[in-house]
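Before any comments, here is the structure.
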Number of protein chains: 2
Amino acid sequence: MPSLDRSVLERLPTFRRMAGEDIDMLLKDAHPSRFSKNSEIFSQGEEARSFFLLISGHVRVVRTSAQGDKVIVRHINEGELMGIAIAMERAVYPASAIAIVECLVLNWPNSAWPSLKSKVPGFGTAVYRTIGQRFQETHDRVLEMASEQVEQRVARAMLRLMNEAGRQTADGMEIDFPITRQEIAEMAGTTLHMVSRLLSVWKDQGLVRGARQKIVISNPHGLMRVAERHRDE
Amino acid sequence: MPSLDRSVLERLPTFRRMAGEDIDMLLKDAHPSRFSKNSEIFSQGEEARSFFLLISGHVRVVRTSAQGDKVIVRHINEGELMGIAIAMERAVYPASAIAIVECLVLNWPNSAWPSLKSKVPGFGTAVYRTIGQRFQETHDRVLEMASEQVEQRVARAMLRLMNEAGRQTADGMEIDFPITRQEIAEMAGTTLHMVSRLLSVWKDQGLVRGARQKIVISNPHGLMRVAERHRDE
DNA sequence: TCCTCTATTTGCGTAGACGCAAAGAAATTA
DNA sequence: TAATTTCTTTGCGTCTACGCAAATAGAGGA
């Protein structure tokens with residue numbers, strides 16, 4: 001029995017074009033669960049048994065190397081899929097997902113995937129489209145890491161945060177969840193020191209405002225200019 | 001009319017487990033084409049009309065940024081798929097593919113994808129498995145670029161080349177296609193100078209042998225130790 | 001065989017990014 | 001309220017990696 005209403009999915013862009021019966025079919029196999037702040041939704045290396053849709057909250061996806069180095073692969077926002085290893089025939093989760101704030105998640109057992117894919121064709125398409133977008137973003141990031149300076153990378157990381165989780169306030173675009181300098185560093189592939197220094201400079205230039213675990217981008221356009229500044233300009 | 005025999009596909013790991021009729025069905029929609037050395041098989045940003053299987057030769061997949069910086073995304077080897085944008089609902093190719101040597105390629109129009117996917121189920125699975133593997137590799141690379149030094153990254157790039165296109169010779173494992181220092185730099189995200197310097201050091205240590213557009217890894221295990229050496233060891 | 005073009009090596013100076021360290025500030029707990 | 005923890009800022013010294021430049025060496029064409 002679905003304990004969630006159609007309307008929960010109908011609001012989301014991924015499902016907007018789907019027929020009501022199809023959404024019901026999806027919900028039949030899904031069950032909702034709640035994750036408290038800082039709890040782990042799935043874990044890197046763990047056998048993949050489910051895939052997920054984030055209904056509300058924010059999730060951080062983190063990949064850790066054998067040497068213990070970490071990168072934040074992406075943030076998952078309301079309405080986005082995560083843990084869709086099954087769609088790519090992967091047996092284990094390639095990264096860990098952590099609830100940044102209290103999260104409500106819809107959860108399908110992997111066993112439901114084959115039938116959902118064939119019976120709700122729009123769903124398979126949506127999943128593969130998501131994979132394609134993320135794959136492209138990941139390639140962009142490789143290129144970025146290979147060719148751009150720390151300053152540009154951090155600026156881009158901030159702009160990515162803004163686009164995904166920005167909320168308009170009186171002071172500018174505020175990131176909707178708590179995030180530390182260390183975590184921004186793990187998005188951009190640098191150290192918290194560099195992030196802190198850059199934020200100080202940008203604060204003096206009126207581009208951003210910051211506080212403990214908080215970022216507000218007061219001048220998005222100015223920050224974009226920083227991100228696009230090339231080595232020899 | 002397929003102008004290629006079943007046996008061409010049956011040799012490849014991707015198709016080994018498929019029924020003969022399924023392979024015939026695949027071949028029915030495919031047509032072979034030949035690409036001369038340095039010619040472009042598909043181009044970044046171009047509308048994706050086909051997907052490909054490399055029958056023989058070697059292909060370099062390159063992604064270029066707006067500023068003109070390049071990275072070599074991967075190399076495609078015999079029996080591997082490429083240009084499978086359609087499987088992820090992407091309208092354009094996210095990178096360019098260039099024949100490193102004379103190549104024989106099997107080519108399907110994108111219009112054949114939906115029916116092949118449903119009628120040859122093993123094919124869809126193989127495609128999605130390939131995507132999953134490459135996605136994981138790409139994430140590994142982000143992590144690598146974020147946390148490792150140039151020396152380690154170049155060592156890893158060389159080992160990747162060896163695993164994918166290594167050929168055992170008297171002197172060691174030789175990369176099967178011509179590759180310049182500049183190109184190795186584009187794999188590792190550094191400059192040709194750094195690559196050249198590192199190769200010189202490794203040559204003195206008996207790890208590699210090099211020549212113009214040629215790399216031989218004489219001591220793979222030694223090179224692995226270099227790749228795994230962490231910052232503070 | 002000479003010439004040209006492309007690839008490679010190496011030196012040198014510089015700056016960008018990092019490590020280490022210490023101090024300051026904000027939140028949490030006792 | 002004080003104590004503790006976590007996060008942030010900033011300074012300073014160092015070294016890695018890069019840019020620039022010039023020399024060397026193959027490969028292929030005329």
Side-chain angles (χ1 to χ4, degrees), chain A residues 37-38 60 67-71 100-101 144-158 175 177-205 208-216 226 229-233, chain B residues 37-38 60 67-71 100-101 144-158 175 177-205 208-216 226 229-233:
Chain A
K37 182 171 172 169
N38 293 327
R60 185 167 28 249
Q67 287 89 29
D69 297 298
K70 288 198 284 186
V71 267
I100 303 178
V101 294
E144 190 184 306
M145 302 272 284
S147 62
E148 271 165 19
Q149 318 263 105
V150 166
E151 183 174 28
Q152 280 66 48
R153 299 208 304 270
V154 173
R156 281 190 203 280
M158 306 259 299
I175 307 308
F177 51 80
I179 184 162
T180 66
R181 307 292 184 264
Q182 172 66 38
E183 286 159 349
I184 296 174
E186 284 165 12
M187 292 180 70
T190 182
T191 62
L192 79 163
H193 308 262
M194 289 302 295
V195 173
S196 181
R197 280 180 239 274
L198 288 167
L199 286 177
S200 294
V201 172
W202 293 339
K203 186 159 78 179
D204 293 346
Q205 298 174 349
V208 304
R209 296 170 48 75
R212 196 188 170 88
Q213 304 205 19
K214 194 176 133 186
I215 297 290
V216 181
V226 173
R229 188 154 63 208
H230 208 239
R231 227 186 298 283
D232 40 11
E233 282 177 32
Chain B
K37 182 170 172 169
N38 294 326
R60 185 165 30 249
Q67 286 89 30
D69 297 299
K70 288 198 284 186
V71 269
I100 302 177
V101 294
E144 189 184 306
M145 302 272 285
S147 61
E148 271 163 21
Q149 318 262 107
V150 166
E151 183 175 28
Q152 280 66 49
R153 299 208 306 270
V154 173
R156 280 189 202 282
M158 305 258 302
I175 307 308
F177 50 80
I179 183 163
T180 66
R181 308 292 183 263
Q182 172 65 38
E183 286 159 349
I184 296 175
E186 284 166 13
M187 293 181 69
T190 181
T191 60
L192 80 163
H193 308 267
M194 288 302 294
V195 173
S196 181
R197 281 181 239 276
L198 287 167
L199 287 177
S200 295
V201 172
W202 293 340
K203 186 159 78 180
D204 292 346
Q205 297 174 351
V208 302
R209 296 170 50 74
R212 195 188 171 88
Q213 303 204 18
K214 192 175 132 184
I215 297 290
V216 181
V226 173
R229 186 155 62 207
H230 209 237
R231 226 185 300 283
D232 41 9
E233 281 176 35

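We name chains A, B, ... by the order of the sequence lines, and we start the count at 1 in each one. The figures here come from the full heavy-atom set of this structure, side chains too, leaving out hydrogens, waters and symmetry mates.
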For nucleotides 26-30 of chain C, which of its nitrogen or oxygen atoms have a protein nitrogen or oxygen under 3.5 Å away, and what is each distance?
from, atom 1, to, atom 2, distance (Å)
C:dA26, N3, A:Arg212, NH1, 3.4

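- At the heavy-atom level, A:Gln213 lies under 4.0 Å from the strands shown only through sugar-phosphate atoms.
- The stretch residues 193-202 of chain A touches DNA chain C through A:His193, A:Met194, A:Arg197, each having a heavy atom under 4.0 angstrom from the strand.
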Taking distance alone, no hydrogens or angles, what donor-acceptor pairs closer than 3.5 Å link side-chain atoms of residues 183-197 of chain B to residues at least two apart or in another chain?
from, atom 1, to, atom 2, distance (Å)
B:Glu183, OE1, B:Thr180, N, 2.9
B:Glu183, OE1, B:Thr180, OG1, 3.4
B:Glu183, OE2, B:Arg60, NH2, 3.1
B:Glu186, OE2, B:Gln182, NE2, 2.8
B:Thr191, OG1, B:Met194, N, 3.4

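- B:Ile179 has its CD1 atom 13 Å from the P atom of C:dA7, to the nearest Å.
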field: side chain to side chain contact (heavy atoms under 4.5 Å, CB included) evaluation trace for B:Ile215 with B:Leu199
entry: CA-CA 9 Å; B:Ile215 297 290; B:Leu199 287 177; 3.9 Å; yes
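- Whole-Å rounding puts the A:Leu192 CG to C:dC18 P distance at 11 Å.
- Two residues are said to be in side-chain contact when any heavy atoms from C-beta on lie closer than 4.5 Å; A:Val154 and A:Val226 fail this criterion.
- For the pair A:Glu151 CD and C:dA17 P, the interatomic distance rounds to 8 Å; values are reported in whole Å.
- When every heavy atom of B:Arg181 is checked against every heavy atom of B:Lys214, the shortest pair comes out as NH1-O, 3.9 Å.
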Steps toward side chain to side chain contact (heavy atoms under 4.5 Å, CB included) verdict (B:Ile100, B:Ile179): CA-CA 9 Å; B:Ile100 302 177; B:Ile179 183 163; over 6 Å; no
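- Using a 4.0 Å cutoff to heavy atoms of chain A, the contacted part of DNA chain D runs 5' to 3' from D:dT6 to D:dG19.
- Distances shown here put every side-chain N or O of B:Arg181 at or beyond 4.0 Å from the OP1 or OP2 atom of C:dA7.
- A:Gln149 has a side-chain polar atom (N or O) that falls below the 4.0 Å cut-off from OP1 or OP2 of C:dA17.
- Partners of B:Lys37 according to the side chain to side chain contact (heavy atoms under 4.5 Å, CB included) rule, which considers only residues two or more places apart in sequence or in another chain, are B:Pro178.
- Computed from coordinates, the B:Glu148 CD to C:dC18 P distance equals 15 Å when rounded to whole Å.
- Listed by chain and number, the residues in a salt bridge (charged side-chain N to carboxylate O under 4.0 Å, His left out) with A:Arg156 are A:Glu148 (sequence neighbours excluded).
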